[in-house]
Amino acid sequence: MSRYFDALETRSQDEREAALARDLPAVIARALTAPGLAAHLGPVDPAAITSRADLARLPLLRKSDLGAAQKAAFPFGGLTAKPAHAFAHIFQSPGPIYEPGDVSADWWRMGRFLHACGVGPGDIVQNCFGYHLTPAGMIFESGARAVGAAVLPAGTGQTELQVRAAVDVGTSVYSGTPDYLKVILDKAEEMGERLAITRAAVGGGALFPSLRQEYADRGIACLQCYATADLGNIAYESPAMEGMILDEGVIVEIVRPGTGDPVPEGEVGEVVVTTLNPDYPLVRFATGDLSALMPGVSPCGRTNARIRGWLGRADQTTKIKGMFVRPEQVAAFVAAHPEVKRARVIASRDGEMDVMTVRIETDSTDARRYAGGVVEALKLRGAIELVAPGSLPNDGKVIEDLRTYG
């Protein structure tokens, strides 16, 4: 088995940026063939979009935009480059949101992750992701097919039958949520059975270090990926287990919550993804998840950028004094004051009353100069605290709710 899935994983940064400059105009042109995306993007010349900086000037596409477009034109809202009947599968996620799926050429790009897990010909993957309505089961099955492994389409539940099948067919790899493997292993012990599983490819939930260690103690190497129903695989771990390596089929930006503006490397922000999939060319899709770009490259030799993994949710909308305060409003306040580096709204309680405090990173010493701007942007009056630049936590939060409701 070769060390890497393909030569794309070890390209130089110059090669990767040259490929991006070559491919981005075609991606935008394909997006413009989808009526829903063309309306969203507005007038744009695909030939002028050749860099990450050019891409960052385009509007964000949010899940709410998908939902609104789909209600206007079921099932995909005019966001696909071919009609619904031309896809192999149509999936439904909560919302409801409908996603297309196909069976050609590792459509969700999961093969790269499974290869990094050491999965290949001769393996049998017990796929414990759901196969009903949502696409997770097919996403991982597509990846297993891409690396030449067989699949036991187990789905979720019926743990005793899962154990029986794993023993009878000789399952060597588990794929599913991180915690369900423990349920299967514990049931196997209860039944007096020994499983042949030595690798686990997980996603869709938190993989806590203690759980990973428990699997390691049982002789199972467990790696995780970051994928969504809309986008497929976005990033994945390698055996180095130092961050998540970005997939070669997506362009990932980390932006300041409430804006589409990329943040510096290392700063926590919202994950925004552009897919290079010609069938479903999502451009600057805002996931609502928080992460941060890591410096350098992985010790495993894969050269694409890495992210720290899932660090929370970017949608921090909070109601204070009966009014909603949104990240976009905080971003508007910062944008209106060039000397302000960052700002953070803190919701708390004083007795039975809501209190709003706005902490502002600035070299200024006059809090009064920001009172009008706070009211204009947030539609509320609040206490203003000036703090030194760089002193607010690097956690992606622009709104923090300290109130308890118990």
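In this text the structure is predicted, and so the values were computed from the model without any measurement. Note that these values count all heavy atoms, side chains included, but never hydrogens, waters or copies made by symmetry.
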- prompt: How far does CD1 of I234 sit from CD1 of I251, to the nearest 0.5 angstrom?
  reply: 13.0 Å
message: Test your reading of the model: is there a side-chain donor-acceptor pair from T287 to the backbone of V271, 3.5 Å cut-off?
response: yes
field: Distance (rounded to the nearest 0.5 Å) between L386 CG and D363 CG
entry: 10.5 Å
query: Ignoring hydrogens and geometry, is there a side-chain-to-backbone donor-acceptor pair from E141 to V151 under 3.5 Å?
result: no
- request: Please name the pair of heavy atoms, one in L60 and one in D65, separated by the smallest distance, quoted to 0.1 Å.
  value: O-OD2, 3.8 Å
field: Stepwise side-chain contact (heavy atoms from CB on, under 4.5 Å) test for L181 and V202
entry: CA-CA 9 Å; L181 175 56; V202 304; 5.7 Å; no
task: Please say whether more than 12 non-hydrogen atoms of neighbouring residues, nucleotides or ligands are located less than 6.0 Å from CD in Q13.
output: yes
- prompt: At their closest point, which heavy atom of C128 faces which heavy atom of A154, and how far apart are they?
  reply: SG-CB, 4.1 Å
- request: Run the numbers on L231 and V250 for side-chain contact (heavy atoms from CB on, under 4.5 Å), then give the verdict.
  value: CA-CA 9 Å; L231 300 162; V250 294; 5.7 Å; no
task: Before giving the answer on side-chain contact (heavy atoms from CB on, under 4.5 Å), spell out for I254 and E267 the whole-Å C-alpha distance, their side-chain angles and the decisive distance to 0.1 Å.
output: CA-CA 8 Å; I254 306 294; E267 185 171 325; over 6 Å; no
Check residues 326-339 and write down every donor-acceptor pair under 3.5 Å in which the side-chain atom is one partner and the other belongs to a residue at least two apart or another chain.
unit_1	atom_1	unit_2	atom_2	d
Q329	OE1	R326	N	2.7
Q329	NE2	A377	O	3.1
H337	ND1	F333	O	2.9
E339	OE2	Y370	OH	2.7

- prompt: Has the side chain of R212 got a donor or acceptor atom that lies under 3.5 Å from a matching backbone atom of C222?
  reply: yes
- prompt: Looking only at heavy atoms, what is the nearest atom pair of A229 and P135, with distance?
  reply: CB-CG, 3.5 Å
message: Among residues at least two apart in sequence or on other chains, which ones pass side chain to side chain contact (heavy atoms under 4.5 Å, CB included) with D23?
response: A19
Test item: R109 side-chain N/O and N233 main-chain N/O as donor-acceptor pair under 3.5 Å: yes
- prompt: Just by modelled atom types, is the Y4 backbone N or O under 3.5 Å from a matching donor or acceptor in the H115 side chain?
  reply: yes
- request: Flag the pair I320 / M323 as yes when at least one side-chain heavy-atom distance between them is below 4.5 Å, and no otherwise.
  value: no
- prompt: So with a 6.0 Å cut-off around CD of E17, is the heavy-atom count from everything else above 12?
  reply: yes
- request: Before accepting this row, confirm whether a basic side-chain N of the pair R403/D354 lies closer than 4.0 Å to the acidic partner's carboxylate O.
  value: yes
task: Could you check if a side-chain atom of M110 sits within less than 4.5 angstrom of a side-chain atom of C225, using non-hydrogen atoms only?
output: yes
- prompt: Within a radius of less than 6.0 Å around CZ of R308, do more than 12 heavy atoms belonging to other residues, nucleotides or ligands occur?
  reply: no
message: Within the 4.5 Å heavy-atom criterion, are L24 and D54 side-chain neighbours or not?
response: no
query: Shortest non-hydrogen contact from P264 to R256?
result: CD-NH2, 4.3 Å
- prompt: Does the pair R112/E248 count as a salt bridge with the N-to-O cut at 4.0 Å?
  reply: no
- prompt: Passes side-chain contact (heavy atoms from CB on, under 4.5 Å), I220 versus T198? Steps please.
  reply: CA-CA 4 Å; I220 299 172; T198 59; 5.7 Å; no
- request: Report yes or no: does H89 contribute a side-chain atom to a donor-acceptor pair with the main-chain N or O of L133 at less than 3.5 Å?
  value: no
- prompt: Looking just at side-chain N and O atoms, do D179 and T177 make a donor-acceptor pair shorter than 3.5 Å?
  reply: yes
Exceeds 12 heavy-atom contacts within 6.0 angstrom, atom NZ of K321: yes
message: Quick one: does any side-chain atom of D186 pair with a main-chain N or O of V183 as donor and acceptor, under 3.5 Å?
response: no
field: Contact check, side chains of T228 and V273, non-hydrogen atoms, under 4.5 Å
entry: no
message: What I want to find out is whether D315 reaches R62 closely enough, with some N-O distance under 4.0 Å, to be called a salt bridge.
response: no
- line: On a heavy-atom basis, the closest approach of R199 and G118 is NH1-O, 2.9 Å
- prompt: Under 3.5 Å, side chain of S291 to main-chain N/O of G309, donor-acceptor pair present?
  reply: yes
Closest non-hydrogen atom pair, R302 against I245: CD-CD1, 3.6 Å
- line: Across all chains, not counting sequence neighbours, the side-chain hydrogen bond (donor to acceptor under 3.5 Å, both in side chains) partners of E15 are S12
task: May I ask you to decide if A383's main-chain N or O and T357's side chain share a donor-acceptor pair within less than 3.5 Å?
output: no
- prompt: So which of F129, Y174, W108 actually passes ring-ring contact (aromatic ring centres under 6.0 Å, His included) with F140?
  reply: F129
Throw together a table of side-chain donor-acceptor distances under 3.5 angstrom for residues 161-169, partners on residues two or more places apart or in other chains.
unit_1	atom_1	unit_2	atom_2	d
Q162	OE1	Q126	NE2	2.8
Q162	NE2	G155	O	3.0
Q162	NE2	G157	O	3.1
R164	NE	D168	OD1	3.3
R164	NE	D168	OD2	3.4
R164	NH1	E193	OE2	3.0
R164	NH2	D168	OD1	3.3
R164	NH2	E193	OE2	3.4

- prompt: Within the side chain of S93, is there an N or O that forms a donor-acceptor pair under 3.5 Å with the backbone of T134?
  reply: no
message: Please list all pairs meeting ring pair (Phe, Tyr, Trp, His ring centres under 6.0 Å) that have one or both residues in residues 277-317, counting only residues at least two apart or in different chains.
response: none
field: Sequence neighbours excluded - salt bridge (Lys or Arg N to Asp or Glu O under 4.0 Å) pairs with any residue from residues 282-298
entry: E253-R284, D289-R313
